[in-house]
Amino acid sequence: VPNRSAVATRPARSKAEDTSPDEIGAPMPGLVAAVLVREGQEVTQGEPLVALEAMKMQSRIAAPRKARVKAVHVKPGDQVEAKDLLLELA
């Protein structure tokens, strides 16, 4: 029987839009192991942005193109779900 009086302990994260090339989302649920960039930093195509850990394996999410990091929405230790917004590029 679901407990309908239960309240979420943390707010839901924004989801990355699949159609937006400027939004980088989590490809799978996991733990943010490292954020490898900071806001305002210029990145090149293929440069690692975030390291995610899932099922004891670490994977890196790379920049899809040359851009500037507009916003970072996660920090190391954050638990994320698939498609959660991690970063925004400009």
*Within the side chain of Gln79, is there an N or O that forms a donor-acceptor pair under 3.5 Å with the backbone of Gly30?*
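Flag set: sc Gln79 to bb Gly30 pair under 3.5 Å.
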*Do the side chain of Glu23 and the main chain of Ser20 share a donor and acceptor less than 3.5 angstrom apart?*
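No, the answer is negative, given that no donor and acceptor are paired below the 3.5 Å cut-off.
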Which heavy-atom pair separates [X] from [Y] by the least distance, and what is that distance?
| X | Y | value |
| --- | --- | --- |
| Pro21 | Arg65 | O-NH2, 3.9 Å |
| Lys15 | Ala82 | NZ-O, 3.3 Å |
| Pro48 | Leu36 | CB-CD1, 3.6 Å |

Report yes if the side chains of [X] and [Y] come closer than 4.5 Å at any heavy-atom pair, otherwise no.
| X | Y | result |
| --- | --- | --- |
| Leu89 | Pro64 | yes |
| Leu52 | Leu31 | no |
| Arg13 | Leu86 | no |
| Pro76 | Val35 | yes |

*May I have the step-by-step check of side-chain contact (heavy atoms from CB on, under 4.5 Å) for Ser59 and Glu53, ending in yes or no?*
CA-CA 6 Å; Ser59 58; Glu53 190 174 295; over 6 Å; no
*asked:* Counting neighbours of CZ on Arg60 that are heavy atoms of other residues, nucleotides or ligands and sit closer than 6.0 Å, is the number greater than 12?
replied: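 Open.
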*asked:* What's the separation between atom NZ in Lys83 and atom OG in Ser14, rounded to the nearest 0.5 Å?
replied: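 These two atoms lie 15.0 Å from each other.
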*Val72 and Val43: same hydrophobic cluster, using ILVMFWY side-chain contacts below 4.5 Å?*
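Yes: a chain of side-chain contacts under 4.5 Å links Val72 to Val43.
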*Carboxylate-amine/guanidinium contact Lys70 Asp22, below 4.0 Å*: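 Salt bridge: no.
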